[in-house]
Amino acid sequence: MTGIAGDAALSAARAASLRRLHTLVRGINGDLDLERTLDAVARGIVEGLGFEVAVVNLVMPEGHLEVVAVAGSDEARDALMGGRGSREEWDAWLTECTPVGQVLVDYRRQEDDGTAVPTWIPDRPVLEDEDAWHPLDALIAPLTTRSGLVGTISVDLPRDGRRPGPEQLELLEMYAAQASVAIENAQLHTALVARDAERERTLGRLTALVHEAPVAILELDLQGRVRLWNPAAEEMFGWTADEVIGQPNPSVAPDEYEERLGALVRGQVVHRAPARRRRKDGSIVEVEMSSAVLRQPDGTPFGYIGSMIDVTERTLLEQELRTAAYTDPLTGLANRGALRQRLESADEVPAALLLLDMDGFKGVNDTLGHAAGDQVLQQVAARLRRSCRPGDLVVRLGGDEFVVLVDGGEDRVEPLARRLLSVLSEPFSLSEREVTLGCSIGISEPRRTGSATALRDADIAMYAAKLRGKGCFQLFEPPMRVAVLQRAELAEDLRTAVAQGQLALRYHPVIDVPSRRVVGVEALLRWNHPTRGELSPMLFVPLAEESGLINEIGDWVLREACTQLRRWHADLPEHRRLTVSVNLSAVQLKVPDLVEKVAEVLADTGLPPRRLVLELTESVLVDDDGDAVGVLERLRNLGVRLAMDDFGAGFSSLRYLKRLPFDFVKLDRGLLEGVHRDPAALALADAVLGLLSRLGLRTVAEGIETRGQLAVVEGLGCRYGQGFLFGTPMLPQDVPALLTGDGGGVVVPAPREQLENGVERV
Ligand code: C2E
Ligand code: MG
Ligand code: MG
């Protein structure tokens, strides 16, 4: 067929082919589902392009190619469907093929061309004909899109048994081009559908999460109007979603909101920030909230999302715990922790720190019990609170120690200290009785001497106040720090004092008041310090007690005093009834073999036990975790006599005296101080002496300095007396003269003769 007729025939055939192609292409574009599109692509070739078999391979997301559609032959489908070939294998094979336009042919007729891509060789006779289709022939149309190769279409077994001519190849090429577009569309569609499904699922998950979340979740628009309000929010705040959606968030004040949202937009991160919100019923809910700005993909904010946890209960608990951590449970006052915090954090340095220590408190605990002690402490706390201003911090440090941090000006400090001394010297009423205590106050002024050491400085000052005789206050001065250092040095020196013979005894006469005769002497300890001179026991006995050295010292005192008295007895037989009084520390009473030691000294010196008087203060029963009463009884069973020293200075429990095996009670100097001029003091002394005599106890009046006092003491019927009126503590060698002098042991106060310290002397 040549010429115009031939051309016309050809173009008619071509037009028919194109129409068929058009129909085919409509068919493959008819569906957006990928699988159906692939099938349609394969079927289209078999139905309309003149091949018996068509196979579609698709580039998979993993990169390899996979047979995804086979049309025309069940046998081919069974052999090929799902078969895979790597991209490299495919590329290698396709480059071996001969391109004809956009399609590739492989007419090499090689049985084994070494390729590993899925192949199927139809079982057909081989025709010798040059252009006959050979079972090993291959014809491939690559499927390409803008993004490159997406797959291939392989065709086999042309229906006419011939290798396809150029028009057929061109048709195949055009079909492949359309198929690529159809497949790409279907792939896009599938991906979109998958993404939509995933979105739906995500949205479903989020919705369920928001709905079921135990935390309140809310979303707001930029104007602060509620867009989302989950059930937990309904429960937490009391408003339902219906009531609040589209409205400004009712749980928060509008101005606070604006501020907060503005800060969020500016980039502030809010993560678990504490906040207070209002409930529908008006109550407050403490929340911890996290929020974030919601933004469009281009960054423009379109709202806020926030979540809140109700921490009201936790906050309350924390507050309680904090209060408990900073409160003294007994008195409800602030405690040491609170004081430390205030000292560290106060904006303004307090004018003063007053450290108060109750004098004689231990006795209350000890003799009346802890319940009574607690009552006293509570009353102390109440009085302190009443006497202070709201700005002052009143603290119980522990035990019977209190602190007042004074607010305001320095001019308040001393008047306040005086007022506190006065209110605390008032009697405390307990269920069955009244007790009177006092207190000592040490004061530091942090503005002058520093905040960091305020408590320690006040403590040093308080120690000084106690040394000055209790019931007073003392301002801290920096040189006192040195005094404390010196105290430490002194304690160190004391260790060698005993060994180096620096200790000595003075003897202070005890007078039988009716006869004015010396009936005994009290041994009083002195320390001849190599550089500081003679030191008072008031200064170093407490140090010796702290270090335990008091036992060694006490042993020495006892042996020395007994030895000395035994010598006087031997030298002055007419004074064989003379007694010696030895002071014992409470610490010594706790030494297990005290009784044996005393017995040993008596045996060694040969001193009759009756001539030894052991003096103890009430403090022997303080912190008595041992058996003080038992020890006292065993001492008394040795024949030794016991005296209670300093009665009236401490707690002065009369009930307690009855229980203890004392022979003498020594009335503290303070008790007799004003007796000769103050009727009230006289009445008190009278009452005490009356009680003591009714208890069968003999009394010794301490600190008689004037004849006036002596007269009163005598009038009150006190049997014995001691005091500077009869002489100061003297050297042992001066004692015989006192006993055998003009009066022969009878001490008669001489006419008034003023001493420089204002006391009269015999
Ligand atoms: P104390 O046992 O009550 O002794 C009486 C103290 O009062 C003595 O002070 C004495 O010198 C002083 N004194 C006596 N009469 C008067 C007076 O009329 N006016 C004044 N203002 N004071 C007077 P000293 O010797 O300084 O002893 C103080 C305390 O030291 C003693 O009080 C006693 O508790 C303790 N002490 C003394 N020696 C020893 C000892 O060997 N062992 C122990 N554990 N303590 C001792
Ligand atoms: Mg004494
Ligand atoms: Mg005394």
Side-chain angles (χ1 to χ4, degrees), residues 466-470 494 497-498 502-511 520-528 534-562 564 579-591 594 598 601 612-620 641-650 662 664-673 675-676 699-710 713 720-731 747 749 755-762:
K466 292 251 179 203
L467 274 188
R468 269 179 43 197
K470 306 185 172 176
L494 192 58
V498 189
Q502 293 167 8
L503 299 182
L505 293 181
R506 295 277 180 283
Y507 294 91
H508 197 219
V510 181
I511 309 300
V521 285
E522 178 179 2
L524 294 168
L525 187 57
R526 297 291 179 267
W527 177 11
N528 296 310
E534 191 181 271
L535 298 178
S536 152
M538 302 274 268
L539 195 70
F540 68 85
V541 164
L543 293 182
E545 286 177 333
E546 280 166 27
S547 60
L549 271 175
I550 192 66
N551 290 311
E552 198 185 328
I553 294 174
D555 290 351
W556 177 84
V557 172
L558 182 68
R559 188 166 288 272
E560 178 67 19
C562 291
Q564 182 60 70
T579 60
V580 70
S581 300
V582 171
N583 293 284
L584 281 192
S585 151
V587 177
Q588 286 174 270
L589 215 68
K590 291 185 179 159
V591 174
L594 175 71
V598 174
V601 170
L612 176 63
V613 179
L614 295 176
E615 295 192 4
L616 294 136
T617 62
E618 280 177 308
S619 63
V620 293
R641 288 183 293 173
L642 302 178
M644 165 155 292
D645 204 354
D646 300 342
F647 187 79
F662 283 101
F664 304 99
V665 174
K666 300 184 75 171
L667 303 180
D668 188 73
R669 186 152 51 94
L671 201 67
L672 299 176
E673 212 160 16
V675 284
H676 55 297
T699 45
V700 185
E702 289 187 302
I704 301 174
E705 292 180 350
T706 64
R707 283 180 302 179
Q709 284 172 324
L710 176 62
V713 164
Y720 304 101
Q722 265 184 294
F724 292 164
L725 182 65
F726 311 115
T728 50
M730 51 187 74
L731 293 168
V747 183
L755 289 176
E756 62 273 42
N757 59 2
V759 299
E760 295 169 47
R761 203 210 334 230
V762 287

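Order of listing sets the numbers, starting from 1, for every ligand and every atom in it.
- The shortest N or O to N or O distance between P729 and ligand 1 is not under 3.5 Å.
- Here the side chains of L612 and V580 are in contact, with some heavy-atom distance below 4.5 Å.
- Ligand 1 has at least one atom lying under 4.0 Å from a heavy atom of R669.
- Using a 4.0 Å cut-off to heavy atoms of D645, the atoms of ligand 1 that qualify are 1 (P), 2 (O), 3 (O).
- Under the 4.5 Å side-chain criterion, counting only non-hydrogen atoms from C-beta, P537 is in contact with R526.
- Below 4.0 Å from some heavy atom of E615 lie the following atoms of ligand 1, by number and element: 2 (O).
- Within the listing of ligand 1, atoms 41 (O) sit less than 4.0 angstrom from a heavy atom of V557.
- We find the CD1-CG distance between I550 and L584 to be 9.5 Å, quoted to the nearest 0.5 Å.
- Remark: ligand 1 and V541 share no N or O pair separated by less than 3.5 Å (distance only, no angle test).
- The Mg ion (ligand 2) lies at 2.8 Å or more from every N, O or S atom belonging to S581.
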Cut-off 3.5 Å, no hydrogens considered: what does the side-chain donor-acceptor table look like for residues 554-561, sequence neighbours left out?
from, atom 1, to, atom 2, distance (Å)
D555, OD1, K597, NZ, 3.4
D555, OD2, K597, NZ, 3.0
R559, NH1, D604, OD2, 3.1
R559, NH2, D604, OD2, 3.2

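- For E545, the CD atom counts as densely surrounded, since its 6.0 Å shell holds more than 12 non-hydrogen atoms of other residues, nucleotides or ligands.
- For the Mg ion (ligand 2), the nearest N, O or S atom contributed by E615 is named OE1.
- Proximity of R506 to ligand 1 is not established, as no heavy-atom distance is less than 4.0 Å.
- Sorting the N, O or S atoms of E522 by how far they are from the Mg ion (ligand 2) puts OE2 first.
- Each of the atoms 26 (O) of ligand 1 lies under 4.0 Å from some heavy atom of S536.
- The minimum heavy-atom distance linking A523 with L505 is given by the pair CB-CD1, 4.1 Å.
- For D645, the N, O or S atom closest to the Mg ion (ligand 2) goes by the atom name OD2.
- Note: an N/O pair closer than 3.5 Å links E522 and ligand 1 by distance alone.
- Close contacts of ligand 1 with G703, meaning ligand atoms under 4.0 Å from a residue heavy atom, involve 16 (C), 17 (C), 18 (O).
- Closest of all the heavy-atom pairs between L672 and Q709 is O-NE2, 3.5 Å.
- Between R506 and L731 there is a side-chain heavy-atom pair separated by less than 4.5 Å.
- When heavy-atom distances to ligand 1 are checked against a 4.0 Å cut-off, K666 has no atom that comes that close, whether in backbone or side chain.
- Contact check for L494 versus W527: side-chain heavy atoms found under the 4.5 Å cut-off.
- Annotation for D668 and E702: closest pair CA-OE1, 3.5 Å, computed over non-hydrogen atoms.
- Using a 4.0 Å cut-off to heavy atoms of P537, the atoms of ligand 1 that qualify are 24 (P), 25 (O), 26 (O), 27 (O), 28 (C), 30 (O), 36 (N), 37 (C).
- Atoms of ligand 1 found under 4.0 Å from any heavy atom of I704, numbered from 1 in the order shown, are 18 (O).
- A 4.5 Å side-chain heavy-atom check between F724 and H508 finds at least one atom pair inside the cut-off.
- Residue-level proximity to ligand 1 for V582 is absent, since no heavy atom of it falls below 4.0 angstrom.
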